[in-house]
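See structure below.
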Amino acid sequence: MTPTESFAPFLQRLAAADLICEQQAARGLAPAQLVAVQAEDWGRLGNEASVWGCRWVACWGEDVADAIRISACFEHAGAYLVARTAVPRATPALPSHTPSYPGADRPERHLRDMLGVVFTDHPDARRWTRHQAWKDSEYPLRRDFPAAGRPPAQTPADHQYNFLPAHGSGVYEIPVGPVHAGVIEPGHFRFQAVGETVLNLEERLGYVHKGIEKIAEGRDAGGLARLAGRVSGDSTVAHAWAACMAMEKAARVEVPQRALWLRALMCERERVANHVGDIGAMLNDIAFAFGFIQFARLREQWQRVSREAFGHRFMMDCIVPGGVGVDLDERFISAMRDEADALRKQIGKLMAIVNDLPSVADRVRGAGVLKPEYAKALGCVGYVGRASGMNFDVRRDAPYPPYDRLKVAVPLHHYGDVNARARTRLEEIAASFDLIEALLAGLPAGPIRAGWGAPAPGAEGLGLVEGWRGEIMTFVRFGEDGRIARFFPRDPSWTTWPALELLIHDNIVPDFPVCNKSVNGSYSGHDL
Amino acid sequence: MLRIFGKIQRIGIITEPVPRLDEPALSEIGEQLAAHIGELFGGSLAIREVDAGSCNGCELEIHALDNPYYGIERFGVHFVASPRHADMLLVTGPVSRHMEAALRRTYDATPEPRLVIAVGECGANGGEFGTSYASCGAVSNVIPVDAVIRGCPPTPLDLMRGILEAIGRKT
Ligand code: SF4
């Protein structure tokens, strides 16, 4: 079914509800469909989409002279729809999608902090991405805001954020971060607990906001690919791919087959590396050092092969606009096949040991349950969604080459606890091994990079890639001279950070590390 | 339990005695590191890692120092949870303005004499992110830095070499 067909009943539904909506040429956004609606209908559109069963993917804005253009992306049965509206720059107000989609809460607050768009019926008036580096009257993504900004000589700590207060006898708070005890990214967690039981967790993120959307402006295509590869270093391949896909669609560049297959090979290698490392880290968080060390060993071996084959342990900067920057030497075809085989066996043996230990089962079963209805309400993607019944994977449901020619097995669980997320990830590793085998066997010959031609000013593109954390959606618009006018990467962590707040309810504080690791949201990918 | 012991015995010690991918040999760097740590820090170097705005790539490689291939703990280096227990701060990322105050406070909480190493291209000079409304750029723009370890991200061996150089320079 083409996207036009799959959204046709929805558009009829909107027409029946007297919601004027004009279909526009999608161009670089295709296969997504593009519709324009009136700003006053924005909230009703969200409501209709929610009732019809769409997943809310993302929203972003662009400063276009006298107006702010706002886009929201929805997904239904593997088809994507981009809805668009505009509000006057002087009075940029429109209804919110948050009443219909709880997952839109923080993305809309981000948009408000960055562009000054007011969502009139948004339930939370607090800022999100902004701390103290710019004033509440300044909006970094407005055109008249210089990338250098006007920061104070020293940026003070953000101590005036209104956390939800807790009352009652025996209730106490545990503030954690931004500097954490381990070697991890910074963020703040405010726990409210009674005894050991967590009553409520509130996250405060934004500490690693690096102005990625702003500093992308004015870059050339190669520069954007490098920046995208650093949105979240653990997902460098997936983010670079999504950004390049968006740019290539905008510029109508045909990427050679071999390059697409190599991109997928790298992306699957990235998935395996992260899942293997995280399974070990989860075992570490339940004090099973043996498992941690063993999985860390396997991850290190895997990364060394990535480096030998592609020149970088994380394959950073290997994906470039128009293709890939490094070719795969013939000798790695059999070497990588053997490597995947060996790793599959090793993991099997280790898991036989791990599965046999009641003390492991005791810690991971029933811990950190994300109920399927919550996962659905938040639009959770990736293994967090799939461990809670969200049956979606871009590679299978909206396949982009080369996955359109490969069989992608997508594991699905429903219980939503730490155990289910770990199982999902182990099964995803196995599925990646099958894909790696198929990719190596079918790797087409030919060039690895197409020539790059700057697209017309205003050209836009949408990239959709299943990274190891889940669906990455990246929007790119070009300006003059092939320079970037707008870059918006939506990391899947936007959907899973709020899930962590929900799944930790009624768990004990000492189980937070393993619950958190089983989700493993990216701070950098979220804070931008 | 038996299977765990079996596995441990079969895998044996994989911690690297000979160079495989990089020069100079890991063991060589490690031994020098251990010798210096012995002299300067009573045999134990406590490091507090601070992500001040990194993309998390540098953190992954710092983590790798603890895997059984590099096993940095055997040279007396360990990562601690509090700056108050630390001899050294290993700071990654361009310093985001939202982390600026936290980094200064972490620095102030670290007892003297303290060593600060800026890690990665970002820590050294702001890297891809540079200086902007949201980023202070290099770590040295915020706190005094004793040494930098370049690379995006630096490999685990680069990190070990960099730590060694930094404490060597202190003598
Ligand atoms: S140096 Fe590279 S890997 Fe390290 S934080 Fe910067 S971009 Fe990420």
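Proximity to chain A (any heavy atom under 4.5 Å) is shown, for B:Ile4, by both the backbone and the side chain. With a threshold of 4.5 angstrom between heavy atoms, B:Val80 approaches chain A through N, CA, C or O but not through any side-chain atom. In this structure, chain A has no heavy atom under 4.5 Å from any part of B:Pro83. With a threshold of 4.5 angstrom between heavy atoms, A:Tyr207 approaches chain B through its backbone and through its side chain. At a 4.5 Å heavy-atom cutoff, the contact between B:Phe129 and chain A is made by backbone and side-chain atoms alike. In this structure, the portion of A:Ala153 lying under 4.5 Å from any heavy atom of chain B is its backbone and not its side chain. Residue contact with chain B, scored on non-hydrogen atoms closer than 4.5 Å, involves the side chain of A:Gln303 exclusively. Contacts of A:Asp158 with chain B are absent, with no heavy-atom separation under 4.5 Å from either backbone or side chain. Looking at A:Ala352, both its backbone and its side chain come within 4.5 Å of chain B, counting heavy atoms on both sides. Both the backbone and the side chain of B:Cys152 come within contact range of chain A, each with at least one heavy atom under 4.5 Å from a heavy atom of that chain. With a 4.5 angstrom heavy-atom cutoff, A:His312 touches chain B only via side-chain atoms. Of the two parts of A:Phe145, only the side chain, counted from C-beta on, holds a non-hydrogen atom closer than 4.5 Å to a non-hydrogen atom of chain B. Only the side chain of A:Ile215 comes within less than 4.5 Å of a heavy atom of chain B; its backbone N, CA, C and O stay farther away.
Among the candidates A:Lys214, A:Arg150, A:Arg230, the residue making the largest number of heavy-atom pairs closer than 4.5 Å to chain B is A:Arg230. Per-residue heavy-atom pair counts under 4.5 Å with chain B were compared for A:Val231, A:Val208, A:Leu350, A:Val183, and the maximum is reached by A:Val183. Interface remark: of the candidates B:His63, B:Arg105, B:Glu61, B:Glu61 forms the most heavy-atom pairs closer than 4.5 Å to chain A.
At a threshold of 4.5 Å between non-hydrogen side-chain atoms, the residues A:His239 and B:Cys55 do not count as touching. Using a 4.5 Å heavy-atom threshold, the side chains of A:Ile184 and B:Asp51 count as separate. Considering only heavy atoms from C-beta on, B:Thr155 comes within 4.5 Å of A:Arg313 through its side chain. When side chains are defined from C-beta on, B:Leu60 counts as touching A:Phe314, because their heavy atoms get closer than 4.5 Å. Between B:Lys7 and A:Ile353 the shortest side-chain heavy-atom distance falls below 4.5 Å. With a 4.5 Å cut-off on side-chain heavy atoms, A:Gln132 and B:Arg97 do not count as touching.
For the pair A:His209 (side chain) and B:Ser96 (backbone), a donor-acceptor distance under 3.5 Å is absent. The main-chain N or O of B:Ser54 is found under 3.5 Å from a side-chain atom of A:Lys210 such that the two form a donor-acceptor pair. Side-chain N or O atoms of B:Glu100 include one that pairs as donor or acceptor with a backbone N or O of A:Thr155 at under 3.5 Å. A donor-acceptor pair under 3.5 Å is formed between the side chain of B:Arg48 and the backbone N or O of A:Ala181.
The cationic group of A:Arg304 lies under 6.0 Å from the six-membered ring centre of B:Tyr69 and within 45° of the ring axis, placing it in a cation-pi geometry.
Aromatic ring pairs are classed by plane angle as parallel below 30°, tilted from 30° to 60° and perpendicular above 60°; the pair A:Trp134 and B:His98 is parallel.
Smallest separation of non-hydrogen atoms from A:Pro178 and B:Met99: CB-SD, 3.9 Å.
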